[in-house]
Amino acid sequence: MERYVIRGGHPLVGEVTIGGAKNAALGIIAAAIMTTDPVRIENIPDVTDTEVLLKAEKGIGVKVDHEDRHTVIIDSSKLNSTFIDDEYMKKIRASYYFVGALLGRDKRAEVPLPGGCNIGVRGIDQHIKGFRALGAKVNIAHGCISAEAKELHGAHIFFDKVSVGATINVMMAASLAAGRTVIENAAKEPHVVDIANFLNSMGANIRGAGTDVIRIRGVERLHGTDYAIIPDQIEAGTYMAAVAACQGDMVIKNVIPKHLECITAKLSEIGCQITEFDDAVQVTRYEPLSSTQVRTLPYPGFPTDMQPQITVALGLAQGISIVTESIFDNRFKYVDELIRLGASIKVENNMALITGVSKYTGAGIVAPDLRAGAALVLAGLAAEGETVIDDISYVERGYEDFDAKLRDLGADIVKVSSEWEYEKTKLRLVE
Ligand code: UD1
C-alpha cells in the first residue's frame, strides 16, 4: 500500500502549475461518446478517476488514443455496447455520466451504481427525475441503473435540490432529445459551464449554463470537436490553502481567478495576502492566521470540496472558527485524524467548532477520502516532525503529481510503496 512520508515545518515557496479540472474532465470524457466523430480533448488531468473512465470506454469498443499525457482522441464510431461493466467504475461517482451520455446517443444505458468518496449518502433521485421527465424508463436493479426510451423529448424540469451531477447528466441527454428542455434550479459550478461549452462545441444548443436556468434545444446529432478543459478550481484552492496552513509565498499558475473568488475571500479574511493576475494568483502568508466562519454552499459559495483544506488552516488560526457543511451529511470523518496531529476540533452534526492551536505535531494517519486526504497532507506539511499518511490512493484519484509538485515548492514529502522504502526514508530523515 502506498503512503506519503512527510517531514513538516517547511514554508511553501515557488510556483505551481494547475492542471485541467478533474470534475469537468469526467463529464467531458463521458459526453465525448455522444458522437461517432473523433473528439480531441486537451488538458485532461492524469489522475485515477479520468483513467478509470477512459478504461471503461475502451471496454465498450471506444478507441482512446493518447496524443500526450494530457491530450486524448476519443473515437466512439465502433461503440458496441450500452452496458458499462467495469469493476473500477463502482468506485467513482462520475460513472453516472454514462447514463446521460448513452441515453442521449443510443436511448439506452446500463451502468453500475456510483460509488466515490465516502462522505455521506449521495442520492441520484434528481438524475432519475430528470431522465424520466425526458421520457426514459429508469430502473435500479442488481446494483445497476438502467435507462431506456423509444425517443427522448424535451421537458420542463425543476430540480428539488441543486445537484452538479444531475444538472450535467440531464443536460447531456436533453442535448439529443426532441424539442426544448428547461432545467430550473440548475447547478452553476464552473465545470457545469465547461461541459455545456464542450457540448455546444459538438453542435448542441445549450444556453444559460452558469445561471439557475439552463435552456436546451435538442439537436439531431452531435459532431466531433477539439476542446481544452478549464483549470481545476479545487486543485488551485488546495495549493492556496497549503500556503495558509504552512506559511510561504506561492504563485499558482494556470487558474481562472474568478473561479477562486470564494476561496480567495476567506483566505484573505484570515490573514493571507492574495494578488490576482490574468491567469495566476499569488498567495503569501507569514503572519498568524485569524479565525472565521465558513459555510459550504453551491457555487458561487464556498465549495464543499475545499471544506477539509480550510479546516486544516483554521485549526492553526488564533481563536475559535466554525465550519458548517451544508452539502454532504458526513464530511467531517477526517477530523479524528486531524485531532491525532494535535488539532482541537469538536464536531456536532454538520458543524465543526475549531479552537486554533499553535502547531500540529506529526503522527501516523489515514486518508479517509479524496479531499480530506489532500487536507491531511497539508496538515502533515504544517506539522512538526514526521507524518505518515496511509491510503493515499484516494488522493491520487484527483491530484496529479501531488507529492512532486509539493516537493518543488520546498516540501519534504515522499511516496513509498513498501516497508523497505519507508525504512530508507528514515535514513534520509536522519541525514
Ligand atoms: C459533484 C462533484 C463533487 C462535489 C459535489 C458538490 C463531480 C464528479 N463531483 O458531485 O466533487 O463535492 O459536486 O459540489 O463533479 N443529491 C441528491 N439527489 C440527487 C443528486 C444529489 O440528494 O439526485 C444530493 C447529494 O447527496 C449531495 C448534494 O445533493 O448531498 C449535492 O450533490 P451533487 O451536487 O449532485 O454532487 P455530485 O454531482 O455527486
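The structure displayed is predicted, hence computed values, not measured ones.
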Exercise. Go through the side-chain N and O atoms of Thr387 and Tyr360 and say whether any donor and acceptor fall under 3.5 Å apart.
Key: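 Absent: no donor and acceptor within the cut-off.
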
Quiz item: Does one side chain, of Thr304 or Glu325, offer a donor that lies under 3.5 Å from an acceptor on the other?
Solution: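 Note: Thr304 and Glu325 side chains meet the donor-acceptor criterion.
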
Count the heavy atoms of every other residue, nucleotide or ligand shown that sit under 6.0 Å from [atom1] of [X], and state whether that count exceeds 12.
X: His142; atom1: NE2; answer: no
X: Asn80; atom1: CG; answer: yes
X: Arg40; atom1: CZ; answer: yes

Check whether any side-chain heavy atom of [X] sits under 4.5 Å from a side-chain heavy atom of [Y], and report yes or no.
X: His70; Y: Asp68; value: yes
X: Met172; Y: Asn169; value: yes
X: Val39; Y: Asp37; value: no

Quiz item: Could you give the distance from CD1 (Ile44) to CD1 (Ile29), rounded to the nearest 0.5 Å?
Solution: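 Those atoms lie 4.5 Å apart.
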
Quiz item: OG of Ser201 to CG of Asp226: how many Å apart, nearest 0.5 Å?
Solution: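 So the OG of Ser201 and the CG of Asp226 are separated by 8.5 Å.
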
Practice problem: Sort and list the pairs that fulfil side chain to side chain donor-acceptor pair (under 3.5 Å) and have at least one residue in residues 206-216, not counting sequence neighbours. | Solution: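 As it turns out, the side chain to side chain donor-acceptor pair (under 3.5 Å) pairs with a partner in residues 206-216, which skip direct neighbours, are Lys188-Asp212.
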
[X]: which residues meet the salt bridge (Lys or Arg N to Asp or Glu O under 4.0 Å) condition with it, sequence neighbours left out?
X: Asp336; answer: none
X: Asp160; answer: Lys129
X: Arg180; answer: none
X: Asp106; answer: none

Quiz item: Is there a donor-acceptor pair closer than 3.5 Å between any side-chain N or O of Arg371 and the backbone N or O of Gln309?
Solution: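 No; zero donor-acceptor contacts below 3.5 Å.
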
Quiz prompt | Identified side chain to side chain contact (heavy atoms under 4.5 Å, CB included) counterpart of Ile74 within the set Lys58, Glu57, Lys63 | solution =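 So, applying the side chain to side chain contact (heavy atoms under 4.5 Å, CB included) to Ile74 and each of Lys58, Glu57, Lys63, only Glu57 qualifies.
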
Self-check item: Derivation and outcome, side-chain contact (heavy atoms from CB on, under 4.5 Å), residues Ile365 and Tyr334
Solution: CA-CA 9 Å; Ile365 51 176; Tyr334 66 91; over 6 Å; no

Exercise. Would you please test Ile413 and Arg407 for side-chain contact (heavy atoms from CB on, under 4.5 Å) and show each step?
Key: CA-CA 6 Å; Ile413 174 171; Arg407 271 195 302 278; 4.0 Å; yes

Practice problem: Go through the structure and list residues passing side-chain hydrogen bond (donor to acceptor under 3.5 Å, both in side chains) with Asp125, not counting sequence neighbours. | Solution: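 Applying side-chain hydrogen bond (donor to acceptor under 3.5 Å, both in side chains) to Asp125 gives none.
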
